[in-house]
Q: 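Dumping the structure here so I can ask a few things about it.
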Number of protein chains: 2
Amino acid sequence: MSEGVEWAIHSCLNLAWVEPAEAVSAAQLAAFFALPAAYLNKQLQALVRAGILTSTSGPRGGFRLARDPDTISLLDVVTAIEGAQEAFRCQQLMKSRPGARKDIDYRKECLVSQAMRQADLAWRRTLADRTIGDIKTDVEKLDPDTPELTRSRLAELR
Amino acid sequence: MSEGVEWAIHSCLNLAWVEPAEAVSAAQLAAFFALPAAYLNKQLQALVRAGILTSTSGPRGGFRLARDPDTISLLDVVTAIEGAQEAFRCQQLMKSRPGARKDIDYRKECLVSQAMRQADLAWRRTLADRTIGDIKTDVEKLDPDTPELTRSRLAELR
DNA sequence: GTCATACTACTCGGATAAGAACTGTCCGAGTGGGGTAGG
DNA sequence: CCTACCCCACTCGGACAGTTCTTATCCGAGTAGTATGAC
C-alpha cells in the first residue's frame, strides 16, 4: 500500500482541527510532517478529485475538508489514494480447467475469488466503520491540547 | 497484491487432487494454466520455503503438498508469496506532532495505525478461516468430476 | 541373465534482465492581496 | 481621504525524471532412470 495513505489521513486530521473557513496549503502540511511538499500536494489532489477536500488557489489558499469529518471514513481516504479496485484481481485461471464453460464469469463464480473477495470486504467494512471524526475525538480524549497545539503550529508555518 | 497469489492457490488445489505420492512439475502446472513456467516455478519455491510444499529434483520430480490440505489456510499461501508484513506500515508521522514524545512507539499507539491494523486483522482472520481443503471440498460439490478431470489433464501434460 | 557403471534427460534453484508502479521534482496557469497613483 | 487599477507573490495542477518492486527469463547443480557392457 502506498505510503500516501498515511499522509492523507494525518492531513485530513489536521484539517479537521483548524477553522473550517481557513485553508491550509500543501507546503504547511508538508512542513508539519517533514514530507516532500510537491509530492504531498499530489496526494491531496487525489483527495480533491474524490470529493474529500476542496482546494483554493492563490494567496491564503490551500485545502479544506469538503464535508463533516464524521462523514469521511478511512475507506474513503484509502480509496481516493489507492483506487477502488480490490487488491486481489481474479485472472480467471478456472477457464483453463477442463470442463470450464465460456459463459461463466469466474471472477464471480470461482470459489477462490469469492474467498478473497470476502476477506477484502471484511477489510473494507472495518475501514468504512471508522471515520476521521472518530479518530479526531479519540485523540482529543487522550490529549486535549492537540487541537490548539495543531492550530498554533500550523500558524507558525504559514 | 501480486498475481502470484492466485497462481499459488490454484496450484495447491491441483496438487490436492493428485495422488499424494506423485509429484507435479512446475512445467505441468504452468501448461495447465497457460502461465510462464519459470516464473511459476519461482512462486512455488516460495511455498516450499514456507513449508507448504515439498520439492523433488530430477525426472519424475516436482512439487507435492507438504501437509494435509485442511491445515493449509489461504492466509498461509498469501503470506508465503507476499510476506508477513501488513500492507499499511506506519511511518510514525505522530512524531512530528507538537507534544509528541520520543519514548513512545507510535506504530502501536497511533490511533490511525491501530485502525489500519484492525482492518488488516479482519482481513487476515477471514483468510485464516478458509483452507485449501475447504475449497477443494466445495468445488467437488459443485462439480464432482473435477478430481478425475484434473488428474487426467495433468497426466497428459507429463 | 545379472550387476555395475556411465550417460542422458529432467527438475529445481538461484542469479540475471525487462517492465511497471511508486516516489519525487519542476514549471506553468490562475488567483487574491497589497501597493500606487489619480481623483 | 477614497477608489480604481496594476503588479506581484502565492497556490494548485498537471507534465516530467529517478528509484524501487514486480514480472519474466536463463543457465547451472543435482538427481533418477536407462542403456550399455562386462562378468
Side-chain angles (χ1 to χ4, degrees), chain A residues 1-8 11 15 21-66 78 80-83 85 87-89 91 93 154 157-158, chain B residues 1-8 11 15 21-66 78 80-83 85 87-89 91 93 154 157-158:
Chain A
M1 177 178 305
S2 165
E3 62 184 345
V5 170
E6 185 177 8
W7 301 3
S11 294
L15 291 175
E22 184 168 2
V24 182
S25 71
Q28 279 175 275
L29 289 169
F32 191 104
F33 294 120
L35 298 176
Y39 190 35
L40 175 61
N41 186 27
K42 197 174 174 56
Q43 312 286 3
L44 297 180
Q45 285 174 35
L47 297 185
V48 172
R49 279 191 295 271
I52 296 172
L53 303 184
T54 59
S55 61
T56 311
S57 283
R60 309 280 302 177
F63 297 91
R64 262 178 288 249
L65 288 183
V78 170
I81 303 292
E82 295 277 292
Q85 63 187 352
F88 181 89
R89 54 199 188 291
Q91 300 177 257
L93 292 189
L154 281 173
L157 300 171
R158 178 167 295 283
Chain B
M1 176 179 305
S2 165
E3 63 185 347
V5 170
E6 185 177 8
W7 302 3
S11 294
L15 290 174
E22 185 169 0
V24 181
S25 72
Q28 280 174 276
L29 290 169
F32 192 104
F33 295 119
L35 298 175
Y39 189 35
L40 174 61
N41 186 26
K42 194 173 174 57
Q43 310 286 2
L44 297 179
Q45 285 174 34
L47 297 184
V48 171
R49 280 192 294 272
I52 296 172
L53 303 184
T54 58
S55 61
T56 313
S57 284
R60 309 279 302 177
F63 297 92
R64 262 178 288 249
L65 288 182
V78 170
I81 302 292
E82 295 277 294
Q85 64 188 351
F88 180 89
R89 51 199 191 292
Q91 300 177 257
L93 292 187
L154 282 173
L157 299 172
R158 177 165 297 283

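In what follows, chains carry the letters A, B, and so on, assigned in the order in which the sequence lines appear, proteins first and then strands, with residues in each chain numbered from 1.
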Q: What's the CG-C1' distance between A:Leu157 and D:dT11, to the nearest Å?
A: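 For the pair A:Leu157 CG and D:dT11 C1', the rounded distance is 16 Å.
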Q: Below 3.5 Å, can you tabulate the donor-acceptor pairs from side chains in residues 27-44 of chain A to any protein atom, sequence neighbours excluded?
A:
unit_1  : atom_1 : unit_2   : atom_2 : d
A:Gln28 : OE1    : A:Ser25  : N      : 3.0
A:Gln28 : OE1    : A:Ser25  : OG     : 3.4
A:Gln28 : NE2    : A:Leu154 : O      : 3.0
A:Tyr39 : OH     : A:Gln43  : NE2    : 3.2

Q: Taking only distance into account, with no hydrogens and no angle test, what donor-acceptor pairs under 3.5 Å do side-chain atoms of residues 49-66 of chain A form with protein atoms, sequence neighbours excluded?
A:
unit_1  : atom_1 : unit_2  : atom_2 : d
A:Thr56 : OG1    : A:Arg64 : NH2    : 2.7
A:Arg64 : NH1    : A:Ala21 : O      : 2.7

Q: Starting at atom CG of B:Leu53, determine the distance to atom C1' of C:dG13, rounded to an integer number of angstrom.
A: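 After rounding, the reported distance stands at 14 Å.
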Q: Scan nucleotides 4-11 of chain C against the protein and return all N/O pairs shorter than 3.5 Å with their distances rounded to 0.1 Å.
A:
unit_1 : atom_1 : unit_2  : atom_2 : d
C:dT11 : O4'    : B:Gly58 : O      : 3.2

Q: Holding to side chain to side chain contact (heavy atoms under 4.5 Å, CB included), I want the full list of residues that pass it with B:Glu22, two or more places apart in sequence or in another chain.
A: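 Counting only residues at least two positions away or on another chain, B:Glu22 forms a side chain to side chain contact (heavy atoms under 4.5 Å, CB included) with B:Glu19, B:Arg158.
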Q: Going 5' to 3' along nucleotides 22-27 of chain D, which nucleotides have protein heavy atoms under 4.0 Å from the base (write B), which only from the sugar-phosphate (write S), and which from neither (write -)?
A: -BBBB-
Q: What's the CG-P distance between A:Leu44 and C:dG24, to the nearest Å?
A: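 Nearest whole value for this atom pair: 14 Å.
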Q: Whole-Å distance between C:dC22 P and B:Phe88 CZ?
A: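 For the pair B:Phe88 CZ and C:dC22 P, the rounded distance is 16 Å.
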Q: How many angstroms lie between atom CZ of B:Arg89 and atom CD of A:Glu6, to the nearest 0.5 angstrom?
A: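 The distance works out to 9.5 Å.
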